[in-house]
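By convention here, the first residue in the shown sequence is residue 1.
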Amino acid sequence: MREPAPCDPGRRRVGVVASYDFTRQDELRRWLPARVAWTMTVTDEVPYENNLELVSRLGRPGLLSGPVRGLVDAGAEAVAYLCTAGSFAGGVPGERALREAIRRSGARHAVTTSGAVVAALHALGARRLAVVHPYQQPVDRLLAAYLRAHGFDLVALTALGLDTVEDVYAVAADQVADVVARADRPEADAVFVSCTALPTYDALPRLEERLGKPVVSADQATVWALLGAVGERAYGPGQRLLGTRA
């Protein structure tokens with residue numbers, strides 16, 4: 001577990017549980033204002049033989065119990081499970097079970113990335129989506145099914161064309177932005193960039209200005225919802241979502 005920075009007793013405290021292989025901590029930190037104290041930990045490593053098995057194992061509620069208790073013991077009022085595929089792999093019931101597991105482990109407020117994305121898109125009034133993702137089949141179909149179950153119409157589902165988890169973490173922000181720009185469709189109300197491993201912080205305002213519509217990323221939506229749970233706002237100049245209340 002990463003130790004929280006020293007803080008005044010009056011500051012709000014939040015916690016993040018990321019998947020064991022998460023490496024975008026520095027980018028995630030950029031959305032968090034200095035007035036909020038946060039602690040991050042990761043899940044245990046899970047064995048897997050393919051992409052579907054990986055996200056299915058990361059979607060097991062029991063994986064969160066120990067990490068969440070540690071965050072609550074450190075003072076976290078709200079806890080987010082920062083893992084997109086792990087939180088949509090089980091569909092709507094699976095995402096709900098993850099939030100319930102977080103609350104059973106002592107958190108007053110529970111957030112998952114996939115649940116936060118749905119809330120963010122609803123807050124923006126989006127119904128028709130262009131979606132960009134790094135997943136292989138059949139995980140991409142699980143993502144589509146999850147979003148459709150929440151009433152969204154997917155007008156485009158575009159893969160980044162990355163073959164391994166290592167490729168996902170090595171991808172550059174400009175490469176992601178280029179695919180997002182090409183994946184947009186005129187009929188889409190918003191674009192969603194799925195996967196917490198993708199770098200998006202700097203690209204979001206440029207993409208929104210270029211495309212003329214909201215662009216929501218997994219990390220952005222998670223922090224937006226997590227901070228909203230404790231009455232705070234995420235920091236990100238020029239990002240449309242952050243002008244709305246969670």
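- Evaluation of the salt bridge (Lys or Arg N to Asp or Glu O under 4.0 Å) test over residues 215-232, restricted to residues two or more places apart or in two chains, returns Arg35-Glu232.
- Side-chain contact between Leu143 and Val131 is present, with at least one heavy-atom pair separated by less than 4.5 Å.
- With rounding to the nearest 0.5 angstrom, the CG atom of Leu54 is 10.5 Å from the CD atom of Gln136.
- Distance check: Leu98 CG to Cys83 SG gives 9.0 Å after rounding to the nearest 0.5 Å.
- Partners of Asp140 according to the side chain to side chain donor-acceptor pair (under 3.5 Å) rule, which considers only residues two or more places apart in sequence or in another chain, do not exist here.
- When the ring-ring contact (aromatic ring centres under 6.0 Å, His included) test is applied to Phe152, the partners found at least two apart in sequence or on another chain are His122.
- Contact check for Leu198 versus Leu160: side-chain heavy atoms found under the 4.5 Å cut-off.
- Smallest separation of non-hydrogen atoms from Ala116 and Val111: CB-CG1, 4.1 Å.
- Residues in residues 118-132 take part in these salt bridge (Lys or Arg N to Asp or Glu O under 4.0 Å) pairs, two or more places apart or across chains: Arg128-Asp189.
- No more than 12 heavy atoms of other residues, nucleotides or ligands shown are found within 6.0 angstrom of CZ on Arg210.
- No donor-acceptor pair under 3.5 Å is formed between the side chain of Arg13 and the backbone N or O of Gly75.
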*Evaluate side-chain contact (heavy atoms from CB on, under 4.5 Å) for Trp31 paired with Thr222, printing each intermediate quantity in order.*
CA-CA 10 Å; Trp31 275 291; Thr222 305; over 6 Å; no
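- Legend: ring-ring contact (aromatic ring centres under 6.0 Å, His included) pairs involving residues 76-118, not counting sequence neighbours, sorted by first then second residue: Phe88-Tyr135.
- Under a 3.5 Å cut-off, the side chain of Thr84 and the backbone N or O of Ser114 do not form any donor-acceptor pair.
- For the residue pair Pro138 and Leu52, the shortest heavy atom distance occurs at CG-CD2, 3.8 Å.
- In this structure, Ala246 and Gly228 approach most closely via the heavy-atom pair CB-CA, 3.7 Å.
- Within the structure, salt bridge (Lys or Arg N to Asp or Glu O under 4.0 Å) contacts touching residues 94-103 (residues at least two apart or in different chains) are Glu95-Arg99.
- Here the straight-line distance linking atom CG of Leu129 with atom NE2 of His150 works out to 12.0 Å at 0.5 Å rounding.
- Residue pairs meeting the ring-ring contact (aromatic ring centres under 6.0 Å, His included) criterion with at least one partner in residues 43-76, sequence neighbours excluded, are absent.
- Once rounded to the nearest 0.5 Å, the distance linking CG of Leu64 with CD1 of Ile102 reads 5.5 Å.
- Annotation: side chain of Val79 is in contact with side chain of Val17 (closest heavy-atom distance under 4.5 Å).
- A donor-acceptor contact shorter than 3.5 Å links the side chain of Arg57 to the backbone of Pro47.
- Under the ring-ring contact (aromatic ring centres under 6.0 Å, His included) criterion, no residue pair touches residues 49-73, with sequence neighbours excluded.
- Side-chain contact between Leu204 and Arg240: absent, with no pair of heavy atoms (C-beta onward) separated by less than 4.5 Å.
- Judged as a salt bridge (Lys or Arg N to Asp or Glu O under 4.0 Å), and not counting sequence neighbours, the contacts of Asp184 are Lys213.
- Evaluation of the ring-ring contact (aromatic ring centres under 6.0 Å, His included) test over residues 209-246, restricted to residues two or more places apart or in two chains, returns none.
- For Phe192, the ring-ring contact (aromatic ring centres under 6.0 Å, His included) test picks out no residue, with sequence neighbours left out.
- Taking the side chain as every heavy atom from C-beta outward, Pro134 and Val171 never approach each other to under 4.5 Å.
- Applying the side chain to side chain donor-acceptor pair (under 3.5 Å) test to every pair with at least one member in residues 171-180, sequence neighbours left out, gives no pairs at all.
- Across all non-hydrogen atoms, the minimal contact from Ala89 to Val55 is CB-O, 3.8 Å.
- At distances below 3.5 Å, at least one donor-acceptor pair connects side-chain atoms of Arg206 with backbone N or O atoms of Asp202.
- Counting only distance, with no hydrogens or angles, the side chain of Thr39 and the backbone of Gly15 share no donor-acceptor pair below 3.5 Å.
- The 12-atom threshold is not exceeded at CD of Glu49, counting heavy atoms of other residues, nucleotides or ligands nearer than 6.0 Å.
- The shortest distance between side-chain heavy atoms of Trp38 and Leu28 falls below 4.5 Å.
- To the nearest 0.5 Å, the span separating CG on Asn51 from CG on Leu142 amounts to 9.5 Å.
- Taking all atoms of both residues into account, the shortest heavy-atom contact from Val117 to Ala218 is CG2-CA, 4.3 Å.
- Transitive grouping of hydrophobic side chains (ILVMFWY, heavy atoms separated by less than 4.5 Å) keeps Leu147 and Val155 in distinct clusters.
- With hydrogens and angles ignored, the 3.5 Å screen pairs a side-chain donor or acceptor of Arg185 with a backbone N or O of Ala183.
- Using a 4.5 Å cut-off on side-chain heavy atoms (C-beta onward), Arg233 and Pro33 make no contact.
- Val216 and Ala120 get closest at one heavy-atom pair: CG1-CB, 4.3 Å.
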*Start with the C-alpha gap between Leu242 and Gln220, add the side-chain angles, then the distance that decides, and say whether side-chain contact (heavy atoms from CB on, under 4.5 Å) holds.*
CA-CA 9 Å; Leu242 305 189; Gln220 177 205 43; 4.2 Å; yes
